[in-house]
2 protein chains.
Amino acid sequence: MRIGELADRAGTTTRALRYYESLGLLPPAARTGNGYRSYGEEHLRMLEQIRSLQDFGFGLEETRPFVECLRAGHASGDACEGSLEVYRRKLAELDACVARLQEVRASVAAQLARAELASGLREPMCELGRDTAAPAGSPAEALAGPSGGAAAGEPSVPTRGHPRDDPDHP
Amino acid sequence: MRIGELADRAGTTTRALRYYESLGLLPPAARTGNGYRSYGEEHLRMLEQIRSLQDFGFGLEETRPFVECLRAGHASGDACEGSLEVYRRKLAELDACVARLQEVRASVAAQLARAELASGLREPMCELGRDTAAPAGSPAEALAGPSGGAAAGEPSVPTRGHPRDDPDHP
DNA sequence: GTAGACGTTGACGTGCGCGTCAACGCCAGT
DNA sequence: ACTGGCGTTGACGCGCACGTCAACGTCTAC
């Protein structure tokens, strides 16, 4: 099997395969006389393993134990201890990540509620507004909390367009 | 106030300030005769706003409404509708992100459990293999502990070192 | 023999938020 | 005069997982 067919069958691109090879992650079985890469069915299984882990947010390096486990002849990529360790580390990372995101969520929700309340007080300004609530200072103080604070990025972990998910290209 | 002082007072770097200016996010009040940037106290407040939002994982572009709200003279950066919308959008993003991560967490946990069970069946292979409950001393203990160490790898979503958090530099 | 589909390597681009030089100008102190 | 410390602009680097050319070789079909 040549590179294009493997890429098609796995729903990825030749560029990705060459990239994986450059990392030593998925070297072809051999080269044919004309220099073409030659792959077998086992490479398709490794590729599927890589891609399913990537869909879960694993980095390419984290997929390496799984791929090598398959290459070692195991029926499943997670039949080896190295793969299990990656699973466990990822679980811990996910837990930490979720915890931080929920902290951040709570803080943002509190800020929004406070700000909405404040703007609501100014806008209707009904006559029974003599005791101006929320005289407390600017949000900067409230926000300037512990520097151990967490930052949650955009949904970088969540799913994003893989070539197979997005089959329209210019 | 010149750039170095502002950076020090806000706990950031001159490089960051020049970068913000290049985005049009935080232009200086003026230039002195020799070309030095000149800032006032209000710029310090804007900078603090930017940095506190960044700690929550907001991108720089997302801080723009807050900064412009401050520049418009409001006491608080989130006193304007644009800022509130950013809050709301961020909340939605956070919720989506958490949901996705929890899905992934469940899938990974399931994979791990299945793989550990399979390897547990192959390895001891004791003659009394009919009741498959977790045997003592097996890796089952690691599975139970959610947040044991969780410090090694950096997650992709969460925070990364800000200059102020990491006051050792080469 | 020639078009077109496939393959090869190499190099640069992307997004984000800066870090890290390089090469220079300006100013105060000794 | 010289040193040191601040300022200025400009350009490249990084990490990650490739996309996107460019310039070329190879194979198949007509």
Side-chain angles (χ1 to χ4, degrees), chain A residues 1-8 10-28 30-39 47 50-51 53-64 151-157 159-170, chain B residues 1-8 10-26 28 30-39 47 50-51 53-64 153-170:
Chain A
M1 182 174 15
R2 290 178 301 174
I3 194 171
E5 185 183 347
L6 178 58
D8 282 355
T12 183
T13 67
T14 63
R15 185 66 185 88
L17 296 191
R18 280 189 274 258
Y19 178 57
Y20 299 160
E21 181 183 351
S22 80
L23 300 179
L25 187 60
L26 193 68
R31 297 287 187 125
T32 62
N34 50 24
Y36 288 11
R37 292 166 176 84
S38 174
Y39 300 92
L47 237 185
I50 292 172
R51 287 189 54 62
L53 290 174
Q54 275 197 300
D55 286 349
F56 282 163
F58 288 62
L60 284 179
E61 284 308 319
E62 292 175 316
T63 71
R64 194 181 293 272
E154 299 196 18
S156 53
V157 166
T159 183
R160 288 271 310 288
H162 284 293
R164 66 169 178 191
D165 303 337
D166 188 63
D168 61 342
H169 58 278
Chain B
M1 178 168 29
R2 291 177 301 174
I3 194 170
E5 185 183 346
L6 178 58
D8 282 354
T12 183
T13 68
T14 63
R15 184 68 184 87
L17 296 190
R18 281 190 272 259
Y19 179 58
Y20 299 160
E21 183 183 350
S22 80
L23 300 179
L25 187 61
L26 193 68
R31 296 286 187 125
T32 64
N34 50 25
Y36 290 9
R37 290 166 177 84
S38 175
Y39 299 94
L47 237 184
I50 292 172
R51 288 188 53 63
L53 289 174
Q54 275 197 300
D55 286 349
F56 282 164
F58 288 63
L60 285 178
E61 284 308 319
E62 291 175 318
T63 73
R64 195 182 292 272
E154 321 180 280
S156 45
V157 168
T159 187
R160 288 259 312 292
H162 285 294
R164 65 166 180 193
D165 301 337
D166 192 326
D168 61 343
H169 55 278

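Residue numbering restarts at 1 for every chain, and letters A, B, ... go by the order of the sequence lines.
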### Message
Please determine whether a side-chain nitrogen or oxygen atom of A/Gln54 lies at a distance below 4.0 Å from atom OP1 or OP2 of D/dC18.
### Response
yes
### Query
What is the distance, rounded to the nearest whole Å, between atom CG of B/Leu25 and atom C1' of C/dC18?
14 Å
### Candidates D/dT20, C/dG7, D/dA17 - which lies nearest the side chain of A/Arg15
D/dT20
### Query
Tell me: OH of A/Tyr19 to P of C/dA11, nearest whole Å?
16 Å
### Query
Base, sugar-phosphate, or nothing: which does B/Arg18 touch, judged by heavy atoms less than 4.0 Å apart?
base
#### Entry: Beyond-backbone contact of B/Ile3 with B/Tyr36, side-chain heavy atoms, under 4.5 angstrom
no
### Query
Quick one: is A/Asn34 getting a side-chain N or O under 4.0 Å of the D/dC27 phosphate, OP1 or OP2?
yes
### Query
With respect to the side chain of B/Thr14, which nucleotide from D/dG7, D/dT26, C/dG7 is positioned closest?
D/dG7
### Message
Measuring only between side-chain heavy atoms, which start at C-beta, is A/Leu60 closer than 4.5 Å to A/Tyr19?
### Response
yes
### Task
Select one nucleotide: of D/dC18, C/dG17, D/dT8, the one nearest the side-chain heavy atoms of B/Arg31.
D/dT8
## Note on the structure
B/Arg2 atom CZ is separated from C/dC26 atom P, nearest whole Å, by 14 Å
### Query
B/Ile50 CD1 to C/dG17 P: how many Å, rounded?
11 Å
### Query
Of the candidate nucleotides C/dC18, D/dG7, D/dA17, which contains the atom at the shortest distance from the side chain of B/Ala16?
C/dC18
### Message
Which nucleotide wins on minimum distance to the side chain of A/Tyr36, given the candidates C/dC26, D/dC18, D/dG25?
### Response
D/dG25
### Check: A/Arg37 side chain, C/dT8 base, donor-acceptor under 3.5 Å
no
### Task
For B/Leu60 and for A/Glu21, locate the closest nucleotide of DNA chain C by heavy-atom distance; then report the residue assigned to the nucleotide nearer the 5' terminus.
A/Glu21
### Nearest-angstrom distance from the residue atom CG of A/Leu53 to P of D/dA17
12 Å
### Task
Take the protein atom CG of B/Leu17 and the nucleotide atom P of D/dT9, then report the distance between them rounded to whole Å.
12 Å
### Query
Within this structure, what is the OH-to-C1' distance between A/Tyr39 and C/dT8, rounded to whole angstrom?
12 Å
### Query
If only side-chain N and O atoms of A/Tyr20 are considered, is one of them under 4.0 Å from the OP1 or OP2 phosphate oxygen of D/dC18?
yes
### Query
In whole Å, what is the span from the CZ atom of A/Phe58 to the P atom of D/dC16?
16 Å
### Under 3.5 Å side-chain donor-acceptor pair for B/Arg18 and B/Thr14
yes
## Note on the structure
Between the CD atom in B/Glu61 and the OG1 atom in B/Thr63, the distance rounded to the nearest 0.5 Å is 7.5 Å
### Ionic contact status for B/Arg2 with B/Glu5, cut-off 4.0 Å
no
